[in-house]
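The block underneath contains the structure these notes are about, expressed in structure tokens.
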Amino acid sequence: MNNPAGGQSSKSKAGSSQPSETSFKRKRGVFQKELQHMMYGFGDDQNPLPESVALMEDIVVEYITDLVHKAQDIGSKRGKLSVEDFLYLIRKDFPKLNRCRELLSMNEELKQARKAFETDEEKLRKAFETDEEKMRKAFEADEDKLGSTE
């Protein structure tokens with residue numbers, strides 16, 4: 001799988017906005033554990049060969065890098081990169097598209113739940129402070145009554 005053409009994949013296009021792989025160095029093995037678990041989940045051995053994991057990592061990183069560069073090209077026409085740029089690129093791959101939409105939906109639900117939780121927490125804190133203030137005032141009033149009777 002060695003490519004003597006300076007490390008660029010055969011899929012690279014002339015004039016593409018992609019930098020050559022030699023212009024940056026990535027840290028290898030970053031996704032090793034996750035890929036091992038995924039490979040096992042898809043039927044590989046529980047402890048796949050390190051070479052297999054490294055190959056899978058190279059393939060995944062190359063795919064994601066290519067996808068991001070294409071999305072950047074699309075987003076640069078509008079001036080910004082957005083989620084819709086990625087959805088546009090995978091529009092013909094229905095399983096990926098549906099999974100992305102599902103994950104985006106879950107992410108939105110989590111954001112709303114966190115926001116509601118923070119709001120509820122803030123209300124509870126204010127209610128607790130109000131109750132605490134009332135109790136302190138009642139205690140001070142009781143002390144005043146006790147102090148005035150002595």
Side-chain angles (χ1 to χ4, degrees), residues 1-140:
M1 291 227 102
N2 287 343
N3 190 351
Q8 277 192 321
S9 79
S10 61
K11 294 181 182 178
S12 296
K13 298 175 187 170
S16 173
S17 66
Q18 279 183 259
S20 69
E21 289 181 28
T22 57
S23 67
F24 66 90
K25 294 191 181 202
R26 72 175 181 86
K27 193 174 179 181
R28 296 206 181 273
V30 175
F31 306 110
Q32 185 177 8
K33 283 287 181 200
E34 292 83 1
L35 283 170
Q36 283 178 341
H37 294 297
M38 289 174 68
M39 289 169 71
Y40 178 63
F42 282 101
D44 202 337
D45 188 59
Q46 188 166 5
N47 294 310
L49 294 173
E51 295 86 4
S52 299
V53 177
L55 177 63
M56 286 298 298
E57 183 177 31
D58 289 343
I59 292 168
V60 168
V61 168
E62 183 178 338
Y63 172 77
I64 291 173
T65 303
D66 186 46
L67 192 68
V68 169
H69 286 200
K70 288 178 182 177
Q72 282 179 325
D73 290 343
I74 293 169
S76 66
K77 294 174 185 168
R78 274 194 328 275
K80 68 176 190 172
L81 184 63
S82 71
V83 173
E84 285 75 28
D85 298 330
F86 291 96
L87 295 175
Y88 175 77
L89 288 172
I90 61 171
R91 70 190 181 279
K92 293 180 182 175
D93 190 346
F94 295 114
K96 279 184 199 162
L97 183 62
N98 290 333
R99 180 64 175 152
C100 284
R101 286 182 176 159
E102 179 184 356
L103 290 171
L104 288 168
S105 169
M106 281 192 276
N107 187 39
E108 192 60 36
E109 287 177 27
L110 285 171
K111 282 181 186 178
Q112 291 174 356
R114 282 189 202 107
K115 187 175 180 180
F117 180 75
E118 288 171 2
T119 303
D120 291 346
E121 193 175 70
E122 185 69 23
K123 287 178 184 176
L124 285 172
R125 187 179 57 76
K126 286 181 181 179
F128 178 74
E129 288 173 355
T130 303
D131 289 346
E132 196 175 61
E133 182 69 26
K134 287 178 184 176
M135 289 175 66
R136 191 176 77 246
K137 286 181 181 179
F139 181 74
E140 288 172 358

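- Atom OG of S105 is separated from atom CG of N98 by 12.0 Å, given to the nearest 0.5 angstrom.
- With hydrogens and angles ignored, the 3.5 Å screen pairs no side-chain donor or acceptor of Q72 with any backbone N or O of L81.
- Applying the side-chain hydrogen bond (donor to acceptor under 3.5 Å, both in side chains) definition to pairs two or more places apart or across chains, none involves residues 30-43.
- Here R78 pairs with D85 under the salt bridge (Lys or Arg N to Asp or Glu O under 4.0 Å) rule; sequence neighbours left out.
- The line from CD1 of I59 to CD of E57 is 11.0 Å long, rounded to the nearest 0.5 Å.
- Smallest separation of non-hydrogen atoms from C100 and I90: SG-CD1, 3.5 Å.
- Interatomic distance, NZ of K96 versus CZ of F86, reported as 13.0 Å (0.5 Å rounding).
- The environment of CE in M39 is crowded: more than 12 heavy-atom neighbours from other residues, nucleotides or ligands sit within 6.0 Å.
- R91 contributes a side-chain N or O that, together with a main-chain N or O of Y88, makes up a donor-acceptor pair within less than 3.5 Å.
- Look at E102 and R99 and you find a salt bridge, because one of the NZ, NE, NH1 or NH2 atoms lies within 4.0 Å of a carboxylate O, short of that distance.
- Residues L87 and L104 have side chains in contact (heavy-atom distance under 4.5 Å, counting atoms from C-beta outward).
- In this structure, K70 and L89 approach most closely via the heavy-atom pair CB-CD1, 3.7 Å.
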Name the atoms and distances for all side-chain donor-acceptor pairs under 3.5 Å in residues 41-51, with sequence neighbours left out.
{"from": "D45", "atom 1": "OD2", "to": "N47", "atom 2": "N", "distance (Å)": "3.2"}

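- Judged by the 6.0 Å and 45° rule, R114 forms no cation-pi pair with F117.
- D58 and R28 make their closest contact through OD1-NH1, 2.5 Å (heavy atoms, listed as atom of the first residue, atom of the second, distance).
- Here the side chains of K115 and K111 are not in contact, with every heavy-atom distance at 4.5 Å or above.
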